[in-house]
Protein chains: 2
Amino acid sequence: MIEERSADPTPADAPPTGAGLRERKKHATRVALRRAALTLAVERGPEHVTVDDIAAAAGVSPRTFFNYFASKEDALVGEHTERFAAFRELLLARPDDEPPLVAVGAAVAEYLRGIELDREVWALRRGLVERHPELLPRVLGANANAERELAHAIAERAGLAGAGAEDMYPTLVAAVTITAVRVAMLRAACTDTERAPADVVSEAFAALAAGLPAPSRG
Amino acid sequence: MIEERSADPTPADAPPTGAGLRERKKHATRVALRRAALTLAVERGPEHVTVDDIAAAAGVSPRTFFNYFASKEDALVGEHTERFAAFRELLLARPDDEPPLVAVGAAVAEYLRGIELDREVWALRRGLVERHPELLPRVLGANANAERELAHAIAERAGLAGAGAEDMYPTLVAAVTITAVRVAMLRAACTDTERAPADVVSEAFAALAAGLPAPSRG
DNA sequence: TAAGAAATTGCAGCGTCTGCAAGATTCGAC
DNA sequence: GTCGAATCTTGCAGACGCTGCAATTTCTTA
């Protein structure tokens, strides 16, 4: 209940093609379970969906569900964390002389552009969280790990040795980054649906880098 | 499991004195339960403490536990949210011409100075989260509600009508604020133990308002 | 002190999640 | 192809979290 590890450190983008049959089946099951979970949750509301329902809809036994996800919520909103695995490299690839927030913002934008594949699942998840704000804390909580990862990467990039312990700066930038991305994504999903998420995120980072000047007061 | 409401909207600082015997007993029970939960969790680790244990240590029945807290975690880390209730007024009391981040930072600092009462419980909780990072997501998640409250307050203060929907700005400032407070508190708790938390928070806000300039690279 | 309000408790029950030990499936080497 | 090893799936039993309900006890108030 309190533990929050992933049941399986499989990367989110496991290759649908290539590799052995085993891998393909596993990936298919994982996708089926997640889709089933999201679809059912959208239909009935998360609290009216049991693990048994999800497993049945995905065509596996209830016990198998827990071979893929550590918890019911994990199947619904737990994907985000996994995504940040590759992010670190994107960040470290930015030119050395860029200010931290700019580099991070650029890396994030790049990262987002590479994501636009799972549109479908993301749309499901977005609608779900919109209709059921109870899930929001879980989503935010899931970012905690990503944040620590990012803090390490930032410290590394800035040439600070020990990560975060002796300097608040990397931690702060990491936290603010995750926050900005989150807010911008929400914004992009809810209001600015016509704009590319990456653009909205860029805007948020621009505002941050400028010290959050007040907009015109109305 | 997914629901995240409080079992009881009792203010965190219920009057230990005054009022009837009933109120005093309720407050005592609440405190006893929280203390028991924290103490046991620190001793054995959260996952090795059952609700039955907590109830027994507090001298009430297991069923009664759930009359006071919606979940086990709520007893451990759920207090934070309640605290933000009064924050809004502090913010709205700041002079109108202050830049948003400055006003928010000042309000936060003020708010923190008023908190230094529960030192004991806070220390317990801090040590607990430090030793058991699994709890961190829950703590962060608990801030989600506070964040929305704050966004509303900021929008109100900035004179923006509808809260957050049509402008990303208040949401962003609110999110960044909660984030900064969180990081600064962590910092104050872990490293800068000699400095007042309020000071560390102020520093974090100064960095934010300055657009997060890079520290000297080493 | 008696009626009424509110808190405590036990119980029955659903749902989440885990460990364990079978049984089925895939893989790699021959 | 075949066989053994590695891996996945599944059922089962059970601990634990959490809830509704109804009976009982404790406080309040008139």
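In what follows, chains are A, B, ... by sequence order, proteins preceding strands, each numbered from 1.
Because its NZ or CZ atom is both nearer than 6.0 Å to the ring centre of B:F69 and within 45° of the ring axis, B:R30 counts as a cation-pi partner of that residue.
OP1 or OP2 of C:dT26 has at least one side-chain nitrogen or oxygen of A:K25 nearer than 4.0 Å. The shortest distance between the side-chain N/O atoms of A:K26 and the OP1/OP2 oxygens of D:dC8 is below 4.0 Å.
Inter-residue side-chain proximity for A:E43 and A:H48 is flagged as unmet; no heavy-atom pair is nearer than 4.5 Å. Two residues are said to be in side-chain contact when any heavy atoms from C-beta on lie closer than 4.5 Å; A:D53 and A:R44 meet this criterion.
Note that the OG1 atom of A:T177 and the CD atom of A:E147 stand 9.0 Å from one another [nearest 0.5 Å]. Rounded to the nearest 0.5 angstrom, B:R34 CZ and B:L124 CG are separated by 11.5 Å. Atom CG of A:L135 sits about 11.0 Å away from atom CZ of A:R125, to the nearest 0.5 Å. The CG atom of A:L91 lies 13.5 Å from the NE2 atom of A:H152; values are rounded to the nearest 0.5 Å.
At whole-Å resolution of the value, CG in A:D74 and C1' in C:dG15 are 17 Å apart. One can place CZ of A:F69 at 18 Å from C1' of C:dT18, the figure rounded to the nearest angstrom. To the nearest angstrom, C1' of C:dT25 lies 14 Å from CZ of A:R24. Atom NE2 of A:H27 and atom P of D:dC8 are 15 Å apart (whole Å). In this entry the distance linking OH of B:Y68 with C1' of C:dT9 reads 12 Å, nearest Å. C:dT16 atom P lies 5 Å from atom NZ of A:K72, rounded to whole Å. Separating the CD atom of A:E23 from the C1' atom of C:dG28 is a distance of 15 Å, rounded to the nearest angstrom. In this structure, B:F66 atom CZ and D:dC21 atom P are separated by 17 Å, rounded to whole Å.
Rounded to 10 degrees, the angle between the two end axes of the helix from C:dT1-D:dA30 to C:dC30-D:dG1 is 30°, with five pairs used at each end.
Nearest nucleotide to the side chain of A:R22, out of D:dC8, D:dT28, D:dT9: D:dC8.
Near DNA chain C, meaning a heavy atom under 4.0 Å from it, residues 49-65 of chain A has A:V49, A:T50, A:V51, A:R63 in order of number.
No side-chain donor-acceptor contact under 3.5 Å links B:K72 to the backbone of B:I54.
Neither side chain, A:D74 nor A:S71, offers a donor N or O lying under 3.5 Å from an acceptor on the other.
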